[in-house]
Structure formats: C-alpha cells, structure tokens
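Below, all heavy atoms of this structure are taken into account, side chains as well, without hydrogens, waters or symmetry copies.
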Amino acid sequence: MAQDSVAQERNYLEGQAERERRQQLDLINLQNAAHAHGLSAQAQLGVAVAQALQPGAAGAVALRCKNGHAQRAGHPEDKFCAACGVALQP
C-alpha cells in the first residue's frame, strides 16, 4: 500500500513537471513570435527610411502624399499612396 502511495505521488509530481515544461515552452514560443514580428517591423521601417533618404534625380523634388509618404519616382500613373492608401493629387 505504501508503494502504491509513493507511485501515485511520483506520477502526480511528474505530471506537474510536464505541465510546467509545456507552459514554459509555450511562453518561449510566444516570445519568439513577438520578437520576430518586432524585427520584421524594424526591417520594414529601415527599408522605408533608406528609400526616403536616397537622393533622387538631379533637381527632382520628392512628391509626397497628404500624410508625408514619398511617392514612387517614375510612376505618375499611381493614384493611391502605397504606404497609407490616401488618394494622390495629380
């Protein structure tokens, strides 16, 4: 009877440890996903800043939408801003 009690206690403790390990892994996976999303957003911002800082053609003025986003150079047919979707003025 004592051996059964010890076996039950051992099984209970092993189950608790397994649940805790799974919870820790879930938290780590959630944190990794959040970091990946943050890094992706930073990369997109870096690309946008780099594109905005590129010098245009000599004497060309960078056209911008109402929200300040730069329009694509050499694409006068664009009717909406690619960044925010606002209608572009002709």
Side-chain angles (χ1 to χ4, degrees):
M1 190 157 54
Q3 288 178 344
D4 289 339
S5 178
V6 169
Q8 285 178 345
E9 182 70 19
R10 185 175 296 144
N11 287 336
Y12 173 77
L13 292 175
E14 286 175 359
Q16 288 289 89
E18 181 62 28
R19 282 189 287 278
E20 189 172 329
R21 279 192 291 271
R22 274 188 263 133
Q23 182 182 14
Q24 291 296 323
L25 284 174
D26 289 343
L27 290 172
I28 289 170
N29 288 333
L30 180 62
Q31 186 177 21
N32 286 342
H35 284 256
H37 179 71
L39 289 174
S40 174
Q42 284 181 332
Q44 290 174 357
L45 177 63
V47 168
V49 168
Q51 289 175 348
L53 294 178
Q54 285 181 346
V61 176
L63 300 176
R64 299 192 174 274
C65 74
K66 292 179 185 178
N67 294 324
H69 300 115
Q71 295 180 24
R72 297 187 310 165
H75 292 277
E77 71 280 0
D78 287 349
K79 298 195 183 324
F80 300 96
C81 176
C84 65
V86 71
L88 300 174
Q89 300 297 324

Visitor: Nearest 0.5 angstrom please: Leu27 CG to Asn32 CG, how far?
Guide: 11.0 Å
Visitor: Go through the steps to decide whether Leu88 and Gln71 satisfy the test side-chain contact (heavy atoms from CB on, under 4.5 Å), and finish with yes or no.
Guide: CA-CA 9 Å; Leu88 300 174; Gln71 295 180 24; 3.5 Å; yes
Visitor: Under the side chain to side chain donor-acceptor pair (under 3.5 Å) rule, collect the residues that match up with Gln16, sequence neighbours excluded.
Guide: Arg19
Visitor: Kindly give the cluster partners of Leu13, where membership spreads through any ILVMFWY side chain lying under 4.5 Å from a current member.
Guide: Tyr12
Visitor: I'd like to check the side chain to side chain donor-acceptor pair (under 3.5 Å) partners of Glu77; sequence neighbours left out, ordered by chain and number.
Guide: His75
Visitor: CG of Leu30 to NE2 of His35: how many Å apart, nearest 0.5 Å?
Guide: 9.5 Å
Visitor: Which residue pairs satisfy the salt bridge (Lys or Arg N to Asp or Glu O under 4.0 Å) criterion with at least one member in residues 4-18, sequence neighbours excluded?
Guide: Glu18-Arg21, Glu18-Arg22
Visitor: Could you tell me which residues satisfy side chain to side chain contact (heavy atoms under 4.5 Å, CB included) with Ala83, sequence neighbours excluded, listed by chain and number?
Guide: His69, Cys81
